Colleague: 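Can you read through this structure? Questions will come right after.
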Amino acid sequence: MPVRHFITLLDLSPDELQGLIRRAIELKTKHKAGELYQPLRGKILAMIFEKSSTRTRVSFEAGMTQLGGDALFLSPRDTQLGRGEPIEDTARVLSRMVDIIMIRTYEHEKLERFAENSQVPVINALTDRCHPCQLLADVQTYVEHRGDIRGKTVAWIGDGNNMCHSYIGAAKQFDFQLKIAAPKGYAPEADIVNCGGSHVEISHDPATAARGADLIVTDVWASMGQEEEQAARVKAFRDYQVDAKLMKLAAKDALFMHCLPAHRGEEVSAEVLDGPQSVVWDEAENRLHAQKALLEMLLT
Ligand code: CP
Ligand code: NVA
């Protein structure tokens, strides 16, 4: 059987994704009850981080340990990757030593080349193109607070970035409607939008996207690697802050999500991020439970 990777949400079927969300909720319950569950004893996860991380690193490392396995943190600074060893060779070598590998990097195509040369499953822990692990946690969080996300309306306000791209994949796979509001010049990639088909609508008006939405989501205006564009982006995104006025246009029981880290006063007001509709801390916690379900699925 070919090795299964998790590079985008499209690598799993809608049924498998629904199963993962259910399993994440079960594993969370087990964990909260203090039940020891260690199906991954003896298994090793290698974690390659070419970009910074708090949530992804800790959730994968803690999750692997809770499941009975071990995790190795690998930074390019102290591996040969940082000195130019080809990604293909790194994949060949690492995958002879460990059972599963997760990577956070810049170019999506680099992750694809890594996966092509790996004998073990590879997980996308964020590239410039997408962040599928975050969407498992986001959908889990929605389901826990409001039930099935199928048929609901989600508003994406801001940059057409990696998170936005994964929201498009999620709209298709979990069958919800996604209304994107992005400034001109910052829309999501056309091929990804096309893949979302009738699940996706794009405008340049936050109010149009937010009106009646069941969930409002945003993300930073400048992603990792775009630090030099910060000033230009603050200007371009000025009218795209998720604030109380925008939240009022959404459904009465609408939730607010943000993958974090957040910048209060830029893409979201402090009032919304720290307010009653915000579920960002549950969302962050669910990275742990959702990725445990993913690791279990790929390894057992
Ligand atoms: N949301 C997220 O991926 O956070 P980190 O960058 O801290 O991993
Ligand atoms: N879009 C952000 C997400 C961080 C988790 C970035 O890529 O920096």
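Everything quoted here is computed from the prediction, not taken from an experiment.
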Colleague: Output, in order, the C-alpha distance, side-chain angles, deciding distance and verdict of side-chain contact (heavy atoms from CB on, under 4.5 Å) for His108 and Asn124.
Modeller: CA-CA 9 Å; His108 188 76; Asn124 180 355; 3.8 Å; yes
Colleague: Can you confirm whether Val242 sits close enough to Phe256 that some side-chain heavy atom of one is under 4.5 Å from a side-chain heavy atom of the other?
Modeller: yes
Colleague: If you define the side chain from C-beta out and look only at heavy atoms, does anything of Val3 sit under 4.5 Å from His5?
Modeller: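 Yes; the side chains approach each other to less than 4.5 Å.
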Colleague: Working to the nearest 0.5 Å, report the span between CE of Met102 and CG of Leu126.
Modeller: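 That separation rounds to 9.5 Å.
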Colleague: Check this for me: Lys245, atom NZ, are more than 12 non-hydrogen atoms of other residues, nucleotides or ligands nearer than 6.0 Å?
Modeller: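 Atom NZ in Lys245 is not crowded, with 12 or fewer foreign heavy atoms closer than 6.0 Å.
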Colleague: If you count every heavy atom of other residues, nucleotides or ligands that lies below 6.0 Å from Glu227 atom CD, does the total exceed 12?
Modeller: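 More than 12 within 6.0 Å, yes.
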Colleague: Angle class for the Tyr186/Phe237 ring planes (parallel below 30°, perpendicular above 60°, tilted otherwise)?
Modeller: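 Taking Phe237 first and then Tyr186, their aromatic rings sit tilted (interplane angle of 30° to 60°).
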Colleague: Measure from NZ or CZ of Arg57 to the centre of the six-membered ring of Phe73 and say whether it is under 6.0 Å with the direction within 45° of the ring axis.
Modeller: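 Output yes; distance and angle both within limits.
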Colleague: Kindly check if the number of other-residue, nucleotide or ligand heavy atoms within 6.0 Å of CD (Glu26) is above 12?
Modeller: yes
Colleague: For the pair Ser278 (side chain) and Leu273 (backbone), establish whether a donor and an acceptor sit closer than 3.5 Å, ignoring hydrogens and angles.
Modeller: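 Yes; judged by distance alone, with no hydrogens or angles, the pair exists.
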Colleague: Cluster question for you: counting only ILVMFWY and a side-chain heavy-atom cut-off of under 4.5 Å, with indirect links fine, are Ile87 and Ile100 together?
Modeller: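 Unlinked, Ile87 and Ile100 end up in two clusters.
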Colleague: Please evaluate residues Arg146 and Lys152 with respect to the criterion side-chain contact (heavy atoms from CB on, under 4.5 Å), reporting the C-alpha separation (whole Å), side-chain torsions for both, the decisive distance (0.1 Å), and the verdict.
Modeller: CA-CA 10 Å; Arg146 296 286 183 264; Lys152 302 287 189 205; 5.5 Å; no
Colleague: Can you check salt bridge (charged side-chain N to carboxylate O under 4.0 Å, His left out) on Arg4 and Glu16, steps first, answer last?
Modeller: CA-CA 13 Å; Arg4 288 204 80 177; Glu16 285 175 318; 2.5 Å; yes
Colleague: If we only count heavy atoms from C-beta on, is the Ile168 to Trp156 side-chain gap below 4.5 Å?
Modeller: no
Colleague: What's the spacing between Glu189 CD and Asn161 CG if we round to 0.5 Å?
Modeller: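 Reported value, rounded in 0.5 Å steps: 11.0 Å.
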Colleague: Hey, which of His131, Met47, Lys51 is the one that makes side-chain contact (heavy atoms from CB on, under 4.5 Å) with Thr56?
Modeller: His131
Colleague: Got Ile44 and Leu72 here, is their nearest side-chain heavy-atom distance under 4.5 Å?
Modeller: yes
Colleague: Between Pro132 and Ile7, is there a side-chain heavy-atom distance shorter than 4.5 Å?
Modeller: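 The answer is no, as the side chains (C-beta and beyond) never meet within the 4.5 Å cut-off.
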Colleague: Given Phe176 and Tyr142, is the ring pair (Phe, Tyr, Trp, His ring centres under 6.0 Å) satisfied, shown in steps?
Modeller: CA-CA 12 Å; Phe176 58 80; Tyr142 189 86; 8.4 Å; no
Colleague: For the atom pair OG1 (Thr127) and CD (Glu112), what is the distance rounded to the nearest 0.5 Å?
Modeller: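 These two atoms lie 8.5 Å from each other.
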Colleague: Show the numbers, then the answer: is there a side-chain contact (heavy atoms from CB on, under 4.5 Å) between Arg129 and Asn162?
Modeller: CA-CA 5 Å; Arg129 189 167 164 90; Asn162 46 8; 5.8 Å; no
Colleague: Under 3.5 Å, is there a donor on one side chain and an acceptor on the other for His258 and Glu267?
Modeller: yes
Colleague: Hey, are the side chains of His204 and Tyr240 touching, using non-hydrogen atoms and a 4.5 Å cut-off?
Modeller: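 The answer is yes; the side chains approach within 4.5 Å.
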Colleague: Applying the side chain to side chain donor-acceptor pair (under 3.5 Å) test to Glu50, which of Lys110, Arg104, Arg77 qualifies?
Modeller: Lys110
Colleague: Between Ala254 and Gln277, what is the shortest heavy-atom contact and its length?
Modeller: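 Heavy atoms of Ala254 and Gln277 come nearest at O-NE2, 3.1 Å.
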